There are 2 protein chains.
Amino acid sequence: MNSRLRHDTILRHLRRSGTATVHDLAAAVGVSRRTILRDICALRGDGFTIHSESGRGGGLQLDPQSVQTTARLSVAEVFALLISVAAMRSAQNLPFSNLADAGLAKIEKSLPPDKIRDLRRMLDSLHIGQLSAHQDLSDLGPIDPALLPAFETAFLGQIPLRFHYRAASGAQTQRQVDPQALLILQPLWYLVAWDPLRTDFRHFRMDRISDPTPVQTTPFRKRHVPFAADICPYRDLAPKPAV
Amino acid sequence: MNSRLRHDTILRHLRRSGTATVHDLAAAVGVSRRTILRDICALRGDGFTIHSESGRGGGLQLDPQSVQTTARLSVAEVFALLISVAAMRSAQNLPFSNLADAGLAKIEKSLPPDKIRDLRRMLDSLHIGQLSAHQDLSDLGPIDPALLPAFETAFLGQIPLRFHYRAASGAQTQRQVDPQALLILQPLWYLVAWDPLRTDFRHFRMDRISDPTPVQTTPFRKRHVPFAADICPYRDLAPKPAV
DNA sequence: GGCTTTGGTGACAAAATTTGTCACCAAAAA
DNA sequence: TTTTTGGTGACAAATTTTGTCACCAAAGCC
């Protein structure tokens, strides 16, 4: 058994039984007492708080507060969470928001430096405010569901975004612009972008955008990729050619 | 060098150089070509998208979109993020919220089943609504900063919470209650709890609560805990006695 | 005080895993 | 056609993990 799997098994046992002795764990997992002790040591290193007591009635005890996630989020997902928390904070005073911040800070720190810079840039270009009253919202439409993934790609990767835009007059135009900022004036969301054709910045209301497509500027050459095998069980993971 | 460290090194090289050949990576990292190939295979298994091309000018390329976090959040932090996103969603339509949900779903799934149940229970007892207008908010005070950690502990662990409460009349009382639900009526937050002394449920306005202390029902025996050493470099991680 | 249980450490050999070497294949470019 | 480059299989060498054993400290029980 993999040492990683064994750690999970040990945690499961500790969670279920409350208190467990090293001897029992060794028997349950099928390894020696020494190995269990080494694993406990490693788990403590991984941030789990494990209490221990000598003598009769003693044993190991996992602090339930120290249970952690192991999820791996993409940069886009982190950004989405950042927006939620930032919007929330701007809207109202909110218990737990410090904790949410702490969590996000942890998440941020676990990303490579260039991605952290990206996230900061994104947040800097995010403006949240209140819409001035008495604005006509009668034509507020639904937001194109395809917009979200496309928009994330364009915004996070700083690559141009192409889409159809329905102006207030009803006229349809096709645009290809460089996303610059996101302006949130509840309940409206605006994309602020540089339009190279008109050599000027423009605002685009999100619910008037449709068929968004990020413009891949440096596409990878399409070709056949053979499989990987070896000991490693992840054979089919070489990205497939887009034909 | 640890294989984990080597994976990080490889990712760093790929990020910096854009395209790298297996040969170059092997030289840079100081291992054989075969090992690099095995590592690439493992990284693909870990969810990284790595493109590859044969022939002159070929090499390996890391898809920047596939970069992931490795942060490990505590259950309390996850709950805080869940609140932010839930409150956000209830307040307004919001691009990116699907993505935030997807991220949170990932995080949730990486927790053990009992913790997932806890989180669901917590979210079920979380009510978000709008305050009826014309309510007098002139005495709205700041929320006790000590409330947050104490409240989290009590709410997440379902243990009693003791605090001082300043009633609308100004009278100070000490309470010890079982937290049941959280009622959010912006900008007010209420704690709904069972008061055993009065054998009834009561509402407590969060900004009128002070000196909150979770009542530890089953404290771990205090005692001296010797250090762990061995090969594992995490010597001082056995939790210190609270004296 | 002595006995037993239980966490914890150090040292060293045994077992298991990781890594290197080598021979070779397929795709792509010069 | 030759060279470059990713990828695979097999097997020995190097390295790491694990087990064994002897022993210490703390705590409870008689």
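Not measured: the values here are computed from a predicted model.
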Where each residue is assigned the nucleotide of DNA chain C containing its nearest heavy atom, which of Ile36(B) and Thr21(A) is assigned the position nearer the 5′ end? Thr21(A)
Interatomic distance, Phe163(B) atom CZ to Asp211(B) atom CG [nearest 0.5 angstrom]: 11.0 Å
Could you check whether Ala26(B) gets within reach of a base, just the sugar-phosphate, or nothing at all, counting any heavy atom under 4.0 Å? nothing
Of all the choices, dG19(D), dT18(D), dG7(C), which nucleotide is nearest to the side chain of Ser3(A) once you look at every atom? dT18(D)
Tested for side chain to side chain donor-acceptor pair (under 3.5 Å) against Asp195(B), the lone hit among Gln176(B), Arg175(B), Arg202(B) is Arg175(B)
Looking at dC21(D), I'd like to know if its phosphate oxygens (OP1 or OP2) sit under 4.0 Å from a side-chain N or O belonging to Arg33(A). no
Please give, in whole Å, the distance from dT5(D) P to His51(B) NE2? 20 Å
With nearest nucleotide decided by heavy atoms, which residue, Gly55(A) or Asp39(A), maps closer to the 5′ end of DNA chain D? Asp39(A)
Between dG7(D), dG20(C), dT18(D), which nucleotide has the shortest distance from any of its atoms to the side chain of Leu60(B)? dG7(D)
Measure the spacing between CG of Leu60(B) and NE2 of His51(B) and express it to the nearest 0.5 Å. 11.0 Å
Round to the nearest Å and state the distance from Leu37(B) atom CG to dC22(C) atom P. 17 Å
May I ask you to decide if Leu62(A)'s main-chain N or O and Arg15(A)'s side chain share a donor-acceptor pair within less than 3.5 Å? no
Provide, to the nearest angstrom, the distance between the CG atom belonging to Asn2(B) and the P atom belonging to dT18(C). 11 Å
So if I take every side-chain heavy atom of Val22(A) and compare against dG7(C), dG20(C), dG6(D), which nucleotide ends up nearest? dG7(C)
Are Arg44(B) and dG7(D) close enough that a side-chain N or O sits under 4.0 Å from OP1 or OP2? yes
Closest to the Ser54(A) side chain: dT18(D), dT6(C), dG6(D)? dT6(C)
Between CZ of Arg56(A) and P of dG7(C) the distance, given in whole Å, is 13 Å
For Ile50(A) and dT6(C), give me the distance from atom CD1 to atom P, rounded to whole Å. 18 Å
Expressed as a whole number of angstroms, how long is the span from Glu53(A):CD to dA25(D):C1'? 14 Å
Arg4(A) atom CZ, neighbour heavy-atom count above 12 within 6.0 Å: no
Can you tell me the distance, in whole Å, between the CD1 atom of Ile40(A) and the P atom of dT18(D)? 14 Å
Taking only the side-chain nitrogens and oxygens of Arg38(B), find out if one of them lies under 4.0 Å from OP1 or OP2 of dG6(D). no
Under 4.0 Å between a side-chain N or O of Ser52(B) and OP1 or OP2 of dT5(D)? no
Arg6(B) CZ - dA14(D) C1' separation (whole Å): 13 Å
